[in-house]
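Computed from a predicted model, the values in this text were never measured in an experiment. The chains referred to below are lettered A, B, ... by the order of the sequence lines, with proteins before strands, and numbering in each begins at 1.
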There are 2 protein chains.
Amino acid sequence: MTENVTVKTLARELNVSIATVSKALNDSHEISIETKQKVLALAKKLKYERNPSASNLRSQKTKTIAVIVPEIANSFFSLAINGIEEIARKRDYHVLIYQTHENSEIETAFTESLVCGRVDGILISISSSTNSSSHFKSLVKKIPVVFFDRALDDIDAIKVTTDDYQSAYQATLHLIENGCKNIAYLSALSKLDTGKKRIQGYFDALKNKGLSFNKGLMVTHDPDRDKTYNRIKNLLIIQKPDAIISSVEEMVIPAYNACKALDLRIPDDVKILSFSNLSTAALLNPSLTTITQPAFEIGQEAAGFLFKLLDKKYITTEEIPVMKSVLIKRDSTSGHT
Amino acid sequence: MTENVTVKTLARELNVSIATVSKALNDSHEISIETKQKVLALAKKLKYERNPSASNLRSQKTKTIAVIVPEIANSFFSLAINGIEEIARKRDYHVLIYQTHENSEIETAFTESLVCGRVDGILISISSSTNSSSHFKSLVKKIPVVFFDRALDDIDAIKVTTDDYQSAYQATLHLIENGCKNIAYLSALSKLDTGKKRIQGYFDALKNKGLSFNKGLMVTHDPDRDKTYNRIKNLLIIQKPDAIISSVEEMVIPAYNACKALDLRIPDDVKILSFSNLSTAALLNPSLTTITQPAFEIGQEAAGFLFKLLDKKYITTEEIPVMKSVLIKRDSTSGHT
DNA sequence: CTGTTAGCGCATTCAA
DNA sequence: TTGAATGCGCTAACAG
């Protein structure tokens, strides 16, 4: 490793002051074009790279944002991150990614490690095990934060979400229109707005169509995969639903497997529909009807708002969109008997 | 935002020097237990958070590593990142993630922006469009780097890879043993070690079993999805292969679709086998036989070696493992006619 | 065991 | 338009 080249090096070589070099590098208007060119040329020649720590320390800016998500290995979040990244790269920002693995303690630890100036802002989609908003309330006071997809009702902050109520409502309607009368619901994220709205959409659709609901038709997600699987299996045995609507992609796999184990034919015996961004949904056996969220665009939007906050631009409530999901109908929820 | 609490604040409150505070915070052995406790207690009370920029600048350490991957929305990489993250979290390191989107220019830009002390080390899986190793050769001289999964042959650095040759060989053998005589190969990553070894395994298996190969049986990946799809479709029409082996997950989806479009039955008309970490592989129609790499473990191993480098531990070539893939056989490659 | 001193590399006053 | 001086917050010599 050769001696590090710093502003000092450049200044010495060019017989100018450090201040001049620094300003030239930052394209300050108070430096002549000639000097700027000289500095930039030498910088390139010597492969000068600004030391981010020093720069951050001085300027109180890190050119870095943090993204906190429950899980990367989830198509929705990895797509959303792509959207975030695209926006960040345009602004030359770096992206720190943290996974909470749905654990609210890890989540808290991450956010706390970030408030001290490691990043300029935070994008977060909160973990399913989080039930207290107090921690986030103090967070948003300290640093710009934008919530995306998963948020809590009582936090006063920018939230980029989808039309969870509407899409669950439409999905349920779709099943009803295809003749289903006993629709089970696989519930998750029930502590979050997201989950609550989805359930409500399901409920309201049933009610408006005069269908009854009994508690047995609802299965709640459990971190333990086997438990979730067994609950679904029991549901199928006891309630004999003619359709299942899954509020998360994660629960649809065990649902498929449980049907298989019980020799139930999809979609003849049971129709399955899920919130999902699975890229292989169309290739599943049978193909899976999905409520697909515009994950990439949600990421872009959320990042866009975060940068507006960083630019100290004023944001009105009206300009924050509710993103629209798409119900992609496939033969898994049509009759074809 | 209240006045920031720094070491100075703590020192003033406790009537000790800032050096003492700093040392206490770093759990130095040259500070009495009592003082440490006093400092720690006040730090907690005042919610002191060490300023990372200042700390990094002084100590020349960032407690951050970078992970550069082609794509997050790829089950292999997202699982590998999980492995990396687990190790990083244990050591209290932060993880910066960069996606190259298989673009070697973006890749170069990222690495260059990292050499100036933004991170302590880099984990990288290189993009498929990269064909020159010169850039990486200079990189590894400047900063600790560990390559994982995708690497270039002529770089002298630590590489954590899988048994690409062996697994491709075994996969081909499996198809031959199931009666296939005209096995097509969907090729990708051909500039990288990874891709080359996979092809070689396929070739050697054919040769050892006395099967011939003609160029038409090989289809190369194209960034343009439609092109890839059309190439595969043409392959199916012209060569009428009885099996397809795909060197990447990305190409198996168009292969499925092309078969569907041509009314070819899988696995009766064509058997398909792929390198893949797809979590839904078992649910596809028909289920997909895969060569599954231990993605999570590869991430763990790679991160482990990077931390060994950071700890300046000596690493012998012998202790770097070649990770073993698993051939998961599903009915998509068995007869069942 | 504790304190004094001196920077890390850079960006920003303010004066020239 | 340029330069000299100052300090961001922290750590590491060294001395006491």
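- Taking CD1 from I143(A) and OG from S138(A), the interatomic distance works out to 12.0 Å, rounded to the nearest 0.5 Å.
- Side chain of T108(A) to backbone of S104(A): a donor-acceptor contact under 3.5 angstrom is found.
- For the pair N51(A) CG and dG9(D) C1', the interatomic distance rounds to 14 Å; values are reported in whole Å.
- S53(B) comes within 4.0 angstrom of no nucleic acid atom, judged by non-hydrogen atoms across all strands.
- Taking the six-membered ring for Trp and the full ring otherwise, Y93(B) and F307(B) have centroids separated by under 6.0 Å.
- Residue D149(B) holds its CG atom at 5.5 Å from OG1 of T162(B), rounded to the nearest 0.5 Å.
- The side chain of V16(A) approaches dG3(D) more closely than any other nucleotide in the set dG9(D), dG3(D), dC10(C).
- Residue contacts for S22(B): at a heavy-atom cut-off of 4.0 Å it reaches a base atom on one of the strands shown.
- Contacts of N26(B) with the nucleic acid, taken as non-hydrogen atoms under 4.0 Å apart, involve only primed sugar atoms and P, OP1 or OP2.
- Contact between the side-chain N/O atoms of S17(B) and the OP1/OP2 oxygens of dG3(C) is found at a separation under 4.0 Å.
- When the nucleotides dC8(C), dT12(C), dC10(D) are ranked by their closest atom to the side chain of Q60(B), dC8(C) comes out on top.
- Between the CG atom of N15(A) and the C1' atom of dT2(D) there is a distance of 13 Å, given to the nearest Å.
- For the side-chain contact (heavy atoms from CB on, under 4.5 Å) test with I84(B), the passing option among V67(B), L79(B), L306(B), I97(B) is V67(B); the others fail.
- Distance L57(A) CG to dC8(D) C1': 4 Å, rounded to the nearest Å.
- The nearest whole Å value for the distance from the CD1 atom in I18(A) to the P atom in dG9(C) is 11 Å.
- In this model, the phosphate group of dA11(C) is approached by a side-chain N or O of S55(A) to a distance below 4.0 Å at OP1 or OP2.
- Between the NZ atom of K63(B) and the P atom of dC10(D) there is a distance of 16 Å, rounded to whole Å.
- Straight-line distance from the CG atom of L25(A) to the P atom of dC10(C): 8 Å, rounded to whole Å.
- Residue I33(B) is the one, among S59(B) and I33(B), whose nearest nucleotide of DNA chain C lies closer to the 5' end (criterion: closest heavy atom).
- Of the candidate nucleotides dG3(D), dC10(C), dC14(D), dC14(D) has the atom nearest to the side chain of K23(B).
- Rounded to whole angstrom, the span from the CZ atom of R12(B) across to the P atom of dC10(D) amounts to 12 Å.
- Listed candidates were dT1(D), dA6(C), dG3(C). Nearest to the side chain of E30(A) is dT1(D).
- A straight line from NZ of K61(A) to C1' of dG9(C) spans 18 Å, rounded to a whole angstrom.
- Candidate nucleotides dT4(C), dC10(D), dT2(D) were compared by shortest atom distance to the side chain of R58(B), and dC10(D) ranks first.
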